[in-house]
Structure formats: C-alpha cells, structure tokens
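Small disclaimer: the values here were computed from a predicted structure and weren't measured.
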Amino acid sequence: MMREAGIESQIARGLQDFVEILQRGAGFALVTDEALRGADLRSLDGFIRAQGEWSDFPFILLTERGGSIERNPAAGRYLELLGNVTFIERPFHPTTLISITKAALRGRRRQYEARARLQAIREGEQQLRIALSAGRLGAWTFDVATMRLDASPDCKSHYGRTAEDPFPYDELVASVHDDDRATMQAEVQRALTTGADYDIEYRCIWPDRTVHWVQVRGKPELDAAGRALGMTGVSQEITERKAAEEKLRNFAVELEQRVEERTRENAEVMAQLHEAQKLETLGQLTGGVAHDFNNLLTPIVGSLDILRTKISDARLQKLLDGALQSSERARTLVARLLAFARRQNLETLPVDVKELIGGMEELVQRSIGPTIELSVDLAADVPAAMVDPHQLELAILNLAVNARDAMPGGGHLSISVDRSIAGAGDVSLPAGIYVRIAVADSGAGMDAETLARAVEPFYSTKGVGKGTGLGLSMVHGLAAQSGGRLTLNSKPGTGTVAEILLPAASSEALSHSSPVEMPLLETAPLRILLVDDEEIVREGTAAMLEDMGHLVKQAASGVQALSQIRSEPFDIVVTDYLMPSMSGLELAREARRVRADIPVLMITGFADLAEDTASDVLRLPKPFRAAEMARAIHDAMAEEVLAD
C-alpha cells in the first residue's frame, strides 16, 4: 500500500534490525504491537532518548484493539515508550494508512527544517559571542514592563561584577557616577520614548571604589503601536581609551603652549635682530660721518698747532689754546661716534678690571659730586677682561655722568664687578666666561620708549646744550666691538642698571697707564711723499711737515704717487687710507714692489684699517697734532732702520 502511494519503505526482520535502521535515518516507523509485545525494548528506548532536542520521531503502531486504554491496556505503555505515536486499529482502510503515513512524513520534514533553523541560530549565536568577546563587548537586554536587566558576564565585568553576581537595573543605575547619572537616565528615557538609538558614555563606580568609563549602545524594541517593549544592546569598557584621549588632549595643550612659547621666543629674537640691524645701519652712517669729521678736523688741528708755535703773543696763544681744546673735544666726540660704529681702533689687552675701577674711584667721585654716595663692590674671582683699558675708563665715566644727571637731588651710585657665564641659550653672545660690570643708580629711571632708544647716537633727554647723546652709544659700541654686550634695565622711579659684559682673557692682565702728552721729536729733514685725495687735508698736513723741516711732495691719488715713486727718491711715503681707485694699502704694496725698503705711514679718518693690512705699515688716526705726526714718522723710520 505504501509503495503504491509512492512511499519508500524498508522491512526490519527483528527488533535489533529495526533500531539499526532507525539510527541510519527514517521518516517514520510502522510497527505492530506483536513485534513489541514481550520484547526487550531497551535499545529502542535508548534510540528515542538519544534524539536531539529538535527531533520527535513519529511512530505508527498497528494494534488489534486501537489506542484506547480501556480496550487496549498496553496502549498506555506504548504511548509512554514511543512518545510521538499514532495508533491504527486493524483492520483499517488503506486510505487511512496512507493519510497517517503522509502526515508523519510532513511532521518529520518540519522537524528537519527546525533543526536547520536551530543550527543556524546556534551558529549565529556562536559567531555573536566570538564577535562580542573579540570586541570586548558585553550583551544586555532590558524589559520595560518588568524593569528586568539581563546582562552577560562580559557586560557585568564592565561594571566590576563577576558572572555570578546579580546585577539588576537599579544596581546599574546606582553604580553610575553621581555627575553622570542624570544624563544617563535622561538618555534611556529619550530612547524608549522616541525609539531612537541609545548611545552614551559615562563613568561608573566599581565595588572597589575605582572609577571606570563605559560606552553603552542599544536599540529599542517597539510593539505594533510604536510603544517600547525594551532595549537590547552592548556595553564596552573604554577607560584606557579615555585615558589616552585625555593624554592626547594634554599633549595638544602642551604642544600649543610650546608653539606659543617658541613663537614668542622667535618674536623676541627677531626684535633683537631688527634692533641689531637698526643699530648696524646707524653705525655705518655714523662711521661715515665720523670719517668726514676727522678729515675736517685734521687741517684745523694741524693749522692751529702750527700757529701756536709761530705766535708769541700771550692773548693769541690763549685763543689758540682754547681752539685746540675745542678741537680735542671734537676729537673725543668723533672717537665716541667711531666707538658706536665699532670702527674705533681698539688696543684690546687683558685688563684687570678691578684694578682699573679701583684706580678710577676717586675720579668717579669727583665727577658725580658730593651729593651722590658712591659704593664699589669688586668680587674676588674676577678674571682679566679683553678690552681697551682707556676706552673702558671713558665708558665707565660716561655711565657715571649719566647716572649723576639722573639724580639731580642726590642719590646712590654703585659699581660692581663679578664673573658671569653666558650659556648656549643666549643668542646674543657666544657661550663662555665674561666679566660683568654693573653701574646702578637710584635716579628717575627711563620709560620703555626712552629705554628702547637710549643707545641711539645723538638721542638725549638732557635738553639742548646739556649732552651730545653719544655717551651710551659709545659704551654700546665699545662692548660690541670687544665681543661683549651692553644691557640696560630701567623703569620710571626705580633707577637704571647698565651692565657691560666683556669676554674673559685667557692670560694674565697687563698693566696700563694713561697716555701723556708727547714732546715734538726732532728728526733730520726727510724727503716725504704725501698722498691724500682731499686737497684741504693734504695742504694742511704738508704745511705741518714742512714746518718740521721736511721736504714734501704732494700727490692727489695712488696712481700719481706711484709715478713719482718711480721717478724720484723719497725717504718715506705718508698716505691716506681711503682713496678712490687705489687705497693707501694698495699703494703701499705697489710702492714696495718699486722700492722694497721704503717706509709707509698710513693715516685714516676711520681710525682703523682693514684686517689684512700689512703689519709693517704704521697707522696714524686723524685728526693728529704735530707731535703725534712727528712721533709716527720717527717710529716708521726707526722700524726701517731695524729692518735693515
């Protein structure tokens, strides 16, 4: 009958064969009660009990008395044993059998379909568990009706709980940090009310009282009316991430502060550079002006000096002495200009600054007057400084006089000397040991605008006729040309401190003395070639030399002088340094090619020569007195004699 209905079947010859066929797989089993009656059913019971949770194997039992317990007492036993069993009482109609067998097949197929779905669900759950574990995520569900929270072990661990700890919703809320709890509850209510996703980060307090960060995401479950039934979501501990973000924020703030500090430092350096460039420009201008002044003063000083020796009238002598004194003041003024321009010809020596200032103390006190108290503090471990001692004396006197003028009603002036070290971070000075000279007064001080312009040449606040405005510029030039620095610190009402830093010498200090007026040396008449491109300077110098008894020939350029050297014998060449086409240095070199033994005396309005000037070329700065010229010629001739 089943074959005619298209149902394949297999016949079992005994109960053991029957169980083996069932274990291999079947859609249903058709068995008679006679086959079971009195048989050992343990193997069949084992098969039924070993079924998967998805399986409920269908049995069709053919009986003689049906399935009624009243008519068939064994039916209850078979029902308990087989479980999913349908009774057919014999005799039966074929249609009944086929209908029941097809129903059993359909039911078995649905069981296999359920098994596939269950397996897919389990695989999905396994993958979800793996994903949650890999992402350190915890799963949770929340039922609105019962306010029940179900949290996975990983979720509980994010709140410092173990898998066995109960963790109801009220306890979760209580664990949230006091400052974050209201926000967390408001977000939960918003998600349940609007159906929007729930996404929040907040702090929670673990049972050990430590603070941790968690991120919680969830999605509401809505009914057909749009009302929230609950939420399902995940949690993640983000304490390490928050710490990293905080560290990054702090680093960003620190970096911003460093950038601001570096920008400020760069601005200060650029300001110093601009100031240095401005002073350098002023120095170049000042040096040029000083050169012209020296050229103008040279014939004046020379002429006055000659006239002084020719006139015996006492009244005229007095007038000439006053004129010479004024010229000396002008000469000092030009020296200050050259010092600011860093073009002063300094005699840099290792100087004992303590000894120098100690020897000046009486002079300084006389210069500042009795209403100002003077104190001198000289440290013990001060090395010698590389500086021109005479220019340093002048610089200290300038600072003392400036301090006196800042204290018209009296006050206190202190001069201190100590040892200082400039570090690599000081962009204005090379690293090394320096001698610091500080001159501090208790005067009126300077405002920021005045302080910024204090070292500019000709800038003065003393009023018309009360100052040249070159004192501080001279000190600035001396310090810079010596390899050091001048620093001014002042505020209105607090006085002024001027600090001079001079590089320390590598050798012991040399003794020095102030120059004395030289007598006019008498020498045998010489044949002198005088070279200068400015006629007024050349004529005045020639008159001075002729007054000494020398025979003077003049040349207006180096080329003209060379022509005369080739054609006439001269004992010495006296030449200006800065001339068009050919400088005095170039003339000296060319003259030596014509006559290797000819002495050369170089005169210059810059008071210095290029660094490559030959060591055997003597120098004489403009303006000069007759005695200075005579001394220079004597020295030049003496060197030539020694060379021979």
Side-chain angles (χ1 to χ4, degrees), residues 291 294-295 298-299 301-303 305-306 343 345 347 518-644:
H291 171 263
N294 275 333
N295 279 339
T298 298
V301 173
S303 299
D305 216 13
I306 294 173
R343 294 184 177 182
N345 185 33
E347 296 182 20
M518 295 181 295
L520 181 63
L521 294 177
E522 295 184 1
T523 59
L526 300 173
R527 292 164 297 180
I528 299 176
L529 176 60
L530 177 62
V531 188
D532 199 308
D533 61 307
E534 293 198 26
E535 183 178 0
I536 187 172
V537 177
R538 190 174 67 249
E539 291 291 343
T541 305
M544 179 186 294
L545 293 172
E546 290 171 349
D547 190 65
M548 296 178 192
H550 302 300
L551 177 63
V552 180
K553 288 290 187 72
Q554 299 182 33
S557 67
V559 175
Q560 184 181 348
L562 279 177
S563 176
Q564 292 180 262
I565 292 171
R566 292 188 181 99
S567 61
E568 300 181 49
F570 292 102
D571 296 316
I572 187 172
V573 176
V574 179
T575 178
D576 188 24
Y577 172 59
L578 190 61
M579 297 183 295
S581 301
M582 180 182 292
S583 70
L585 177 59
E586 293 170 337
L587 173 60
R589 290 172 178 169
E590 293 298 325
R592 294 282 170 80
R593 289 191 177 98
V594 178
R595 272 189 55 191
D597 60 343
I598 190 168
V600 178
L601 174 63
M602 197 85 63
I603 57 177
T604 174
F606 277 122
D608 71 339
L609 296 181
E611 293 182 359
D612 60 348
T613 303
S615 60
D616 57 349
V617 177
L618 293 183
R619 294 168 289 181
L620 176 63
K622 297 177 183 179
F624 44 81
R625 303 272 302 268
E628 293 171 330
M629 172 61 83
R631 170 67 65 178
I633 291 177
H634 177 273
D635 292 344
M637 297 303 297
E639 283 196 3
E640 183 60 30
V641 171
L642 290 175
D644 292 341

Quick check: closest heavy atoms across [X] and [Y], and the distance to 0.1 Å?
| X | Y | answer |
| --- | --- | --- |
| A632 | L618 | O-CD1, 4.0 Å |
| D576 | M579 | O-CE, 3.6 Å |
| I528 | F570 | C-CD2, 3.9 Å |
| M637 | P599 | SD-CG, 3.9 Å |
| G584 | T575 | CA-OG1, 3.9 Å |
| I572 | A636 | CD1-CB, 3.7 Å |

Say whether, by atom type as modelled, one donor and one acceptor occur between the side chain of R595 and the main chain of P569 under 3.5 angstrom.
no
Output for pair (L578 CG, I603 CD1), nearest 0.5 Å, gives 12.0 Å
Would you give the length of the straight line joining atom CG of L620 to atom CG of D635, rounded to the nearest 0.5 angstrom?
10.0 Å
Only pairs under 3.5 Å count here: list side-chain donor-acceptor contacts from residues 550-557, not counting sequence neighbours, and write none if there are none.
from : atom 1 : to   : atom 2 : distance (Å)
H550 : ND1    : L526 : N      : 3.1
K553 : NZ     : E568 : OE1    : 2.9
Q554 : OE1    : R538 : NE     : 2.9
S557 : OG     : Q560 : N      : 3.3

Without placing hydrogens or testing angles, list every side-chain donor-acceptor pair under 3.5 Å for residues 541-548, not counting sequence neighbours.
from : atom 1 : to   : atom 2 : distance (Å)
T541 : OG1    : V537 : O      : 2.8
D547 : OD1    : K310 : NZ     : 2.5

Step through the shown structure and confirm whether more than 12 heavy atoms of other residues, nucleotides or ligands are within 6.0 Å of CD on E535.
no
Could I get the full list of salt bridge (charged side-chain N to carboxylate O under 4.0 Å, His left out) partners for D533, not counting sequence neighbours?
none
Minimum side-chain heavy-atom gap I598-L529 below 4.5 Å:
no
One pair to check against salt bridge (charged side-chain N to carboxylate O under 4.0 Å, His left out): R593 and E590. What are the steps and the verdict?
CA-CA 5 Å; R593 289 191 177 98; E590 293 298 325; 2.6 Å; yes
